[in-house]
There are 2 protein chains.
Amino acid sequence: MSDMPSCQFESRPRRIVIGSSGVQADFCATCAVRPTSVCNVIAQADMARLAEAAVETIIPPGRGFIEEGAPATDFFNITSGTAKLFKALPDGRRQITGFAAPGHFLGLAVSDSYAFGAEAVDTVRACRFSREKMAELLDDFPRLERRLLEEASNELVAAQNQMLLLGRKTARERVASFLLDQMRAGMPLDQNGQRGSLHLPMTRGDIADYLGLTIETVSRTLSWMRSQGMIDVGKGYAITIRAAGRLDTLAAGNS
Amino acid sequence: MSDMPSCQFESRPRRIVIGSSGVQADFCATCAVRPTSVCNVIAQADMARLAEAAVETIIPPGRGFIEEGAPATDFFNITSGTAKLFKALPDGRRQITGFAAPGHFLGLAVSDSYAFGAEAVDTVRACRFSREKMAELLDDFPRLERRLLEEASNELVAAQNQMLLLGRKTARERVASFLLDQMRAGMPLDQNGQRGSLHLPMTRGDIADYLGLTIETVSRTLSWMRSQGMIDVGKGYAITIRAAGRLDTLAAGNS
DNA sequence: CGCCTTATTGATGATTCTCAAGCAAGGTGG
DNA sequence: CCACCTTGCTTGAGAATCATCAATAAGGCG
């Protein structure tokens, strides 16, 4: 029982797969997430500075790359894939506080240790910045600070929505909210490129830990929604939204 | 039933009691919360600028001063009293996302409308800044931006803790966590100035809406803790912590 | 003093969790 | 190529925590 948590929480060494120290000069210029990430406040002319500070990092599925409570040495900017951010209780209960999609900036911690853990859901690519490099960038590019404040404010709004969900919504409302959020977040379409068809990279267990439910309740709720004709549950991780309006009514609590 | 929400959510006109437009020049210099608030990054010499931008505002108990969804016109810095911040569902369910104590900065919203509502718990005094004045201050005092980022990061950490509480903790663990948080937050001691004796300004209903429980469950849990000798429940809003260690064990989930 | 709000406590019930079994898919090794 | 194992999902039965409904008591305030 005493070693259960370490087993459940990715006890494998959290070594990070590191690319070169600093990337090519045109790396940031051609970055796919630049338009939506915090990097976009750094001008074309200064992009070499940015690229010099960044270390491209590839994290395989299931690998943890931020450990809750560990010294906060690095910041990450997700460029592809999805990561889960979570907090855990000593007995193994876990709460996923958010999923970090491409463009998401990670590591905003005032204290010198991470307040949450992070683990790759699928293969994650991220730009890693050391605390020192980040401090230099912040000193040299004041606009970056304002951009980070904007980012943090957005996360706060998301966190408040999640608190409302966790504290006051029923299981059905939670799952409906989740599906709509995923749809709106414009997550990658499935292989068929079908409209309204989501590819959820995370498992039912992840969804349960995100929504404060159990795997069984998530599964049952999805089955119920399917029986109501609201969604189609495809093979793998595909879900098709059939009645977004009814899901919306559910998610808002009008049911 | 249709008018229940408006009744439940402070339907009285949300007029704000406004002091003078701008305060005396020495107002900020003698401010009790200056050491812990964001204002402390503005130097002695520039304090007149700060005082000129601030409007002292007094909000009576129960009065709402931020309406969820309304245009975000002002920022607030609490100087005394406690405010509750909340989000609500159309049918009246409510989640309090946090209590704002003296020193707390309110209104960090990137969008042009507030993402949450705010209401005074007891009598609240706050410095109010218009959006325009705030933008000027941010332009003129870059350190303020960094300080606000720090503030936002702290709130994010608190929000993540609250998500863990709401998603994964039992009723007893939630109440224990709440009591310890209130104790650590160094809330004002009660009239006797007794150590470990908390004066909680909020009602059981507020606590319930904060912890994602019902009034009855909060009351029952406090009674249970009293029966276990962990706390004393005094008259009014006084609670005395008798066994902080056992509460800590409970709050951490080791029970 | 009467009314209203708040808190406490009890009885009952419902949503969700726990425990359990079965199934499908994918990987591995003989 | 197929048995075997592992992982993840689904579904069922029963249990438990917490919510709901209800009654009473205790303050605060006109």
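The analysis underlying the following values was restricted to heavy atoms, covering all of them including side chains, and did not include hydrogens, waters or symmetry mates. Chain naming here is simple, since letters A, B, ... match the order of the sequence lines and numbering starts at 1 in each.
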Just the atom pairs and distances: protein N or O near nucleotides 23-26 of chain C's N or O, under 3.5 Å.
{"unit_1": "C/dA25", "atom_1": "OP1", "unit_2": "A/Lys235", "atom_2": "NZ", "d": "3.2"}

request  = Check side-chain hydrogen bond (donor to acceptor under 3.5 Å, both in side chains) between A/Ser219 and all other residues, then give those that pass, not counting sequence neighbours.
outcome  = none
key: Nearest heavy atoms of A/Val124 and A/Ala83, plus distance in Å   = CG2-N, 4.2 Å
key: Length of the line joining B/Asp122:CG and D/dG28:C1', which is rounded to integer Å   = 17 Å
query = Is the closest side-chain heavy-atom distance between B/Cys127 and B/Thr79 below 4.5 Å?
reply = yes
ask   = Taking B/Arg128 as the fixed residue, which of B/Thr73, B/Asp74, B/Asn77 is the one that meets the side-chain hydrogen bond (donor to acceptor under 3.5 Å, both in side chains) rule?
value = B/Asp74
request  = Mind telling me whether A/Phe75 and A/Phe105 have parallel, tilted or perpendicular rings, with 30° and 60° as the class edges?
outcome  = parallel
inquiry  = With a 6.0 Å cut-off (strictly less than), is the heavy-atom count around CZ of A/Arg125, excluding the residue itself, greater than 12?
reply    = no
request  = Starting at atom CG of A/Leu222, determine the distance to atom P of D/dT11, rounded to an integer number of angstrom.
outcome  = 10 Å
Using distance only, find each side-chain donor-acceptor pair of residues 158-165 of chain A under 3.5 Å and give its atom names and separation, not counting sequence neighbours.
{"unit_1": "A/Asn161", "atom_1": "OD1", "unit_2": "B/Lys87", "atom_2": "NZ", "d": "3.0"}
{"unit_1": "A/Asn161", "atom_1": "ND2", "unit_2": "A/Val157", "atom_2": "O", "d": "3.4"}
{"unit_1": "A/Gln162", "atom_1": "NE2", "unit_2": "A/Tyr210", "atom_2": "O", "d": "3.0"}

ask   = Is it true that a side-chain atom of A/Arg93 and a backbone atom of B/Arg168 form a donor plus acceptor pair closer than 3.5 Å?
value = yes
ask   = Are A/Leu247 and A/Ile241 close enough that some pair of their side-chain heavy atoms sits under 4.5 Å apart?
value = yes
query = Considering the terminal five base pairs at each end of the helix from C/dC1-D/dG30 to C/dG30-D/dC1, what angle separates the two local helix axes, rounded to 10°?
reply = 30°
At a cut-off of 3.5 Å, list every protein nitrogen or oxygen paired with a nitrogen or oxygen from nucleotides 15-18 of chain C, distance to 0.1 Å.
{"unit_1": "C/dT16", "atom_1": "OP1", "unit_2": "A/Ala171", "atom_2": "N", "d": "2.8"}
{"unit_1": "C/dC17", "atom_1": "OP2", "unit_2": "A/Thr214", "atom_2": "OG1", "d": "3.3"}
{"unit_1": "C/dC17", "atom_1": "OP2", "unit_2": "A/Thr217", "atom_2": "OG1", "d": "2.4"}
{"unit_1": "C/dT18", "atom_1": "O4", "unit_2": "A/Arg220", "atom_2": "NH2", "d": "3.0"}

Got a list of protein N/O to nucleotides 5-7 of chain C N/O distances below 3.5 Å?
{"unit_1": "C/dA7", "atom_1": "OP1", "unit_2": "B/Arg204", "atom_2": "N", "d": "3.0"}
{"unit_1": "C/dA7", "atom_1": "OP2", "unit_2": "B/Arg204", "atom_2": "N", "d": "3.1"}

ask   = Under 4.5 Å between any side-chain heavy atoms of A/Phe86 and A/Thr97, yes or no?
value = no
inquiry  = When you compare the side chain of A/Leu179 with that of A/Leu222, does any pair of heavy atoms fall below 4.5 Å?
reply    = yes
ask   = Would a 4.5 Å heavy-atom cut-off, applied to side chains only, mark A/Phe99 and A/Met202 as touching?
value = yes
ask   = Under 3.5 Å, is there a donor-acceptor pair between the side chain of A/Asp206 and the main chain of A/Lys84?
value = no
